[in-house]
Amino acid sequence: HPEDRDRYANTYLNAFKKREPFIGEFRILNQDGDYRWLLTKGPPRFNPDGSFAGYISSSVDITDRKKAEKALEEKEQNLRNTIIQAPVAMCIFRGPDYVVELANERMFELWGKSAEQVMHKPIFEGLPEIKGQGFDALLYGVYTTGETFSAEGVPVTLPRNGNIEIVYVNFVYDAYKEADGSVSGILAIAVDVTAQVIARQKIEEVVTARTKELADANDNLQKSNAELAQFAYIASHDLQEPLRKISTFSQMLENSLGSELSSHSKNYLHKINSSASRMTTLIRDVLTYSELVKENEVFEEVNLNEIVENIKTDYDLLIDQKGAIISYKDLPTIDAIPLQMSQLFGNLIGNSLKFVSQDVKPVISITAAKLTDAEIAKSSLSRQSEYYQVMFSDNGIGFKKEHAEKIFDIFQRLHRKSEYEGTGIGLAMCKKIVLNHGGVIHANESSEAGAVFNVILPLKQNKSVGSIFSVPS
């Protein structure tokens, strides 16, 4: 081959002058018109008198080997180009001393070193800062076994701006193998994930703090529930009896004095009886509210149409007196606690009957609609169940929009007792019941000419009520 002639001739002449063995590789044109690679070896030949006679030459066709070597060189070059241009830190360590043969700029930046400080040196010599951090054992394991090793978020102390700092790294060590399968080095790939790890740590700190806050809140809630249960006990056993005595003795006093009572005295006794009666009602309502956290009740199928019918029967006399109209249709059957559904519907219907002007006949409408998937997705509801929205609307006195949330607070009243009776617990009980069932309640589209309450309840329940009550609102 024209490119091999001078090299071959020089190799031969140099060997001839020194009477040394001749070895050379060159291409030669064969009879098919193709160039083939030959390996030629020629030991020197000497005459019997010791004078140099020339060479005895033999040649072997090494074309396939040269093609394989060329392919390997191209592969090696492609790998080097890939490493140099890679968007992540990459390098090649060679031999048992892990000499840095090749590294890209990203790797130099990660190491905090310049190319002159680490190139063509054992890594622990060029980067002594990583000694004692376990990397010698990792490299040895990959180099001797040929097995890949990878890890994420590993803290590494590395030089940074004249200081030693902790850097978090994701890395892979892969055995660098020759054509015969032997391991000659290690290909290292690394990514600096310090920013992500620090961000995750901060999030975990926040989550830990919030978890502690929730745990503390739950402890306080349990204490509050215990106090509420204690108060309920006192209310049911200790407070009601004195009230009954106050009412009884005031009535006895009024009967015994009879006509001797002055108008002022009668008024005073009336106020005593009225106050005692209101206090009794308040205690009973608080007791009912506290009993909503009982854990011995379970869910069952409840037909809400039947609930409304039962409530209408309970309010039959009041409905007749006020000429009220209560309409409902196609209400669903859901998993619920029957007594609590009766309390929920009873309070909402009772409010509509109570909070209405004297010259107005109450008109109450109860409708239900199944929520769409899109409506559930927009809400804070769990997606493990289907939901129905039950809407209660009336033509009563309504309330101002700024009171839409406040009306669900316990003991919250928007009107004077002289105007409308009540203890301010009814809607708080409604909210508690709805939350116990995994739903939500809110008032909207309300004005001073009527009110609308939306109650959203799940169709099915997967847990007993006791587990839901473990974190009451």
Side-chain angles (χ1 to χ4, degrees), residues 267 270-271 273-286 288-289 304-305 307-331 340-369 389-434 440-457:
N267 184 43
H270 174 73
K271 288 184 178 181
N273 288 329
S274 178
S275 296
S277 176
R278 286 200 304 271
M279 188 63 182
T280 300
T281 301
L282 177 61
I283 290 174
R284 289 175 180 172
D285 285 348
V286 171
T288 301
Y289 183 84
L304 299 184
N305 298 283
I307 294 293
V308 175
E309 280 299 318
N310 292 336
I311 299 302
K312 288 177 66 177
T313 300
D314 294 339
Y315 285 112
D316 186 48
L317 181 60
L318 184 60
I319 291 173
D320 288 342
Q321 289 176 348
K322 295 197 171 188
I325 298 174
I326 300 177
S327 63
Y328 68 96
K329 183 179 180 182
D330 299 331
L331 301 183
Q340 292 191 12
M341 283 297 104
S342 295
Q343 292 171 321
L344 172 65
F345 278 66
N347 276 313
L348 291 173
I349 293 174
N351 279 352
S352 295
L353 292 172
K354 178 168 57 177
F355 294 107
V356 65
S357 301
Q358 292 184 355
D359 56 344
V360 175
K361 293 183 178 181
V363 176
I364 304 168
S365 173
I366 307 172
T367 59
Q389 176 174 278
V390 182
M391 185 170 68
F392 296 77
S393 60
D394 61 41
N395 62 337
I397 61 173
F399 53 86
K400 295 181 179 180
K401 291 185 178 181
E402 56 264 30
H403 296 149
E405 295 296 330
K406 186 186 297 185
I407 58 176
F408 294 105
D409 295 339
I410 192 169
F411 301 128
Q412 182 63 51
R413 295 177 54 89
L414 302 183
H415 307 281
R416 292 178 297 180
K417 290 189 284 288
S418 60
E419 296 175 328
Y420 297 96
E421 296 181 355
T423 59
I425 296 179
L427 288 179
M429 289 179 59
C430 291
K431 182 178 179 180
K432 186 71 171 179
I433 291 170
V434 173
V440 294
I441 182 173
H442 58 271
N444 65 347
E445 303 177 9
S446 58
S447 66
E448 295 188 59
V452 177
F453 290 90
N454 289 308
V455 178
I456 298 177
L457 295 168

Minimum heavy-atom distance between Ile433 and Leu344, given as atom pair plus value: CD1-N, 3.9 Å

Spacing of OG belonging to Ser393 relative to CZ belonging to Phe453, to within rounding of 0.5 Å: 11.0 Å

From CA spacing to verdict: side chain to side chain contact (heavy atoms under 4.5 Å, CB included), Leu457, Met341: CA-CA 11 Å; Leu457 295 168; Met341 283 297 104; 4.0 Å; yes

Check: Gly450 main-chain N/O paired with Asn395 side-chain donor or acceptor under 3.5 Å: no

Heavy-atom side-chain proximity of Val390 to Leu304 below 4.5 angstrom: yes

Closest heavy-atom pair and its distance - Ser342, Ile311: O-CD1, 3.5 Å

Sidechain-backbone polar pair: Asp394 side chain, Ala451 backbone, donor-acceptor under 3.5 Å: yes

Pairing residues for Val440 by the side chain to side chain contact (heavy atoms under 4.5 Å, CB included) criterion, not counting sequence neighbours: Leu381, Ile456

Residue pair Val455, Leu348: steps toward the side chain to side chain contact (heavy atoms under 4.5 Å, CB included) verdict: CA-CA 10 Å; Val455 178; Leu348 291 173; 3.9 Å; yes

Pro362 versus Ser352, closest heavy-atom pair with distance: CB-O, 4.3 Å

From NZ (Lys354) to CG (Asn347), nearest 0.5 Å: 8.5 Å

Which residues share a side chain to side chain donor-acceptor pair (under 3.5 Å) with Asn310, sequence neighbours left out: none

With Tyr328 via side chain to side chain donor-acceptor pair (under 3.5 Å) - residues at least two apart: Glu309

Spacing of CG belonging to Leu427 relative to NZ belonging to Lys432, to within rounding of 0.5 Å: 15.5 Å

Non-neighbouring partners of Leu318 that pass side chain to side chain contact (heavy atoms under 4.5 Å, CB included), sequence neighbours left out: Tyr315, Gln321, Lys322, Leu353

Residue pair Ser327 / Ile364, side-chain heavy-atom distance below 4.5 Å: no

Taking every non-hydrogen atom, the tightest pair across Ile366 and Ile326: CD1-CG2, 4.4 Å

Heavy-atom side-chain contact between Leu331 and Val308 under 4.5 Å: yes

Non-hydrogen atoms of Asn454 and Met391 that approach each other most closely: OD1-CG, 3.3 Å

Audit row: Asp316, Lys312, side chain to side chain contact (heavy atoms under 4.5 Å, CB included) steps and yes/no: CA-CA 6 Å; Asp316 186 48; Lys312 288 177 66 177; over 6 Å; no

